[in-house]
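Each residue takes its place number in the sequence, starting with 1. Remember, it's 1-based here, ligands and their atoms both numbered in the order they're listed.
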Amino acid sequence: MAIRPLIAGNWKMHGRKTSLAELATIRDRVAAGETGGTEIVVCPPATLIAAAVETARGAVGIGGQDCHTNPEGAHTGDISAEMLADLGASYVILGHSERRTDHGETNPLVRAKVQAVWRAGLSAIVCIGETLAERNEGQTIEVVSWQLRESLPEGGRPSNLAIAYEPVWAIGSGLTPSPGDVAAVHGSIRDNLIRRHGPEAAGIRILYGGSVKPDNAATLLTAENVNGALVGGASLKASDFLAIAKVYS
Ligand code: PGA
């Protein structure tokens with residue numbers, strides 16, 4: 001079964017209204033067929049989601065970068081999955097290492113957020129990945145398996161779940177694992193997903209993330225069991241993001 005690749009941009013805490021011009025460029029190139037059959041998603045900060053949905057005109061999917069576990073309530077400053085759905089978002093990134101570090105997010109909390117995203121009818125992009133210390137201790141597979149086991153509820157399917165393997169030490173650093181290392185971790189994630197969620201999990205997209213750039217995308221993203229990318233810094237500039245988004249076309 002051929003898996004439709006997914007390239008998602010994570011703008012993090014970057015972007016003003018003027019940044020929508022980059023999204024408009026991406027939209028036009030995607031609509032012109034330059035990215036082939038690859039699914040293209042941009043996850044801007046929450047302040048831009050409504051305008052981004054309008055700008056994207058359905059050619060590019062729009063996602064949030066986090067959500068609360070509840071649909072509504074007394075949670076000052078938080079945003080629910082239902083609110084993101086109301087704006088026309090289709091994805092939510094969950095468990096990014098920056099949220100795990102900056103906001104103390106734990107695997108059980110990520111798991112509850114995945115359930116919230118599914119409750120709202122959206123798809124979750126769940127991030128996992130080891131620190132440099134864990135890699136140096138030879139614990140990568142163990143850490144990633146534990147994060148998967150604890151962060152995912154039952155019910156993961158290709159239509160509601162993508163996993164992003166993002167080694168913490170590769171995020172924003174310019175460092176990347178070798179394609180062989182990426183393939184080994186993705187292979188183990190694939191085995192885990194199938195054991196847990198059944199044969200259908202063979203179609204769940206497993207994205208690589210961490211310093212994906214136009215010049216390394218072809219090497220990293222064609223490793224075995226890599227079905228796309230979660231792109232941070234390089235997603236802020238349309239030309240860089242598009243160069244990555246064209247990798248499978
Ligand atoms: P980066 O970020 O591409 O800037 O390394 C990736 C991510 O954090 O999702």
Side-chain angles (χ1 to χ4, degrees), residues 5-15 19 22-23 26 38-46 48-49 52 60-67 89-105 110 113-114 117 123-132 134-135 140 143-144 147-148 151 161-179 181-182 185-186 189 205-223 226-248:
L6 168 64
I7 304 282
N10 173 12
W11 283 12
K12 309 191 179 185
M13 200 171 75
H14 296 287
S19 315
E22 299 294 317
L23 178 60
I26 295 166
T38 299
E39 182 178 0
I40 309 297
V41 170
V42 169
C43 303
L48 289 177
I49 287 178
V60 175
I62 300 299
Q65 300 174 10
D66 176 48
C67 69
S90 43
Y91 282 89
V92 187
I93 298 171
L94 293 174
H96 190 282
S97 74
E98 286 151 16
R99 295 217 50 95
R100 291 177 188 262
T101 305
D102 296 354
H103 298 271
E105 292 203 3
V110 173
K113 290 184 175 193
V114 175
V117 163
S123 274
I125 300 175
V126 176
C127 303
I128 55 174
E130 83 287 358
T131 62
L132 190 56
E134 289 163 341
R135 166 157 293 243
T140 299
V143 167
V144 164
Q147 289 174 323
L148 269 183
S151 304
L161 179 66
I163 304 298
Y165 168 55
E166 301 202 305
V168 177
W169 52 273
I171 296 174
S173 64
L175 303 172
T176 59
S178 70
D181 284 347
V182 172
V185 178
H186 279 231
I189 294 171
R205 271 94 56 103
I206 308 175
L207 315 180
Y208 169 76
S211 294
V212 177
K213 307 289 176 204
D215 61 359
N216 63 19
T219 317
L220 289 167
L221 304 186
T222 54
V226 177
N227 313 118
L230 183 57
V231 184
S235 71
L236 297 171
K237 224 173 112 197
S239 55
D240 285 351
F241 186 59
L242 283 162
I244 295 166
K246 286 177 193 170
V247 107
Y248 298 109

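Donor-acceptor pairing under 3.5 Å is lacking for the side chains of Ser19 and Glu22.
The structure places CD1 of Ile128 at 4.0 Å from CD1 of Ile189, a figure rounded to the nearest 0.5 Å. The distance from the CG atom of Leu148 to the CD1 atom of Ile163 is 5.5 Å, given to the nearest 0.5 Å.
Of the polar atoms of Lys213, none of the N or O atoms is found under 3.5 Å from an N or O of ligand 1, judged by distance alone. For ligand 1, the polar-atom distance check finds no N/O of Glu98 at less than 3.5 Å from any of the ligand's N/O atoms. Annotation: Leu230 places no N or O atom under 3.5 Å from an N or O atom of ligand 1; distance criterion only. Considering backbone and side-chain atoms together, Gly232 places an N or O closer than 3.5 Å to an N or O of ligand 1. Close N/O approach between Lys12 and ligand 1 is found [any backbone or side-chain N/O within under 3.5 Å].
The ligand atoms of ligand 1 that sit less than 4.0 angstrom from a heavy atom of His96 are 7 (C), 8 (O), 9 (O). Of all the atoms in ligand 1, the ones that sit under 4.0 Å from a non-hydrogen atom of Asn10 are 9 (O). Of all atoms in ligand 1, numbered sequentially from 1 with element shown, those under 4.0 Å from a heavy atom of Gly210 are 5 (O). Atoms of ligand 1 found under 4.0 Å from any heavy atom of Gly233, numbered from 1 in the order shown, are 1 (P), 3 (O), 4 (O). When each atom of ligand 1 is checked for a heavy atom of Glu166 under 4.0 Å away, the hits are 6 (C), 7 (C), 8 (O), 9 (O).
In this structure the side chain of Arg100 reaches within 4.5 angstrom of the side chain of Ser151, judged on heavy atoms. Using a 4.5 Å cut-off on side-chain heavy atoms (C-beta onward), Asn10 and Glu166 make no contact. Contact annotation: the side chain of Gln65 approaches that of Cys43 to within less than 4.5 Å [non-hydrogen atoms, C-beta and beyond]. A heavy-atom distance below 4.5 Å is not found between the side chains of Tyr208 and Val185.
Residue contacts with ligand 1, taken as heavy atom pairs separated by less than 4.0 Å, involve Ile171 via backbone and side-chain atoms alike.
Heavy-atom separations between Ser211 and ligand 1 include at least one value shorter than 4.0 Å.
The aromatic rings of His186 and Tyr165 lie perpendicular to each other, with more than 60° between the two planes, well past the 30° mark.
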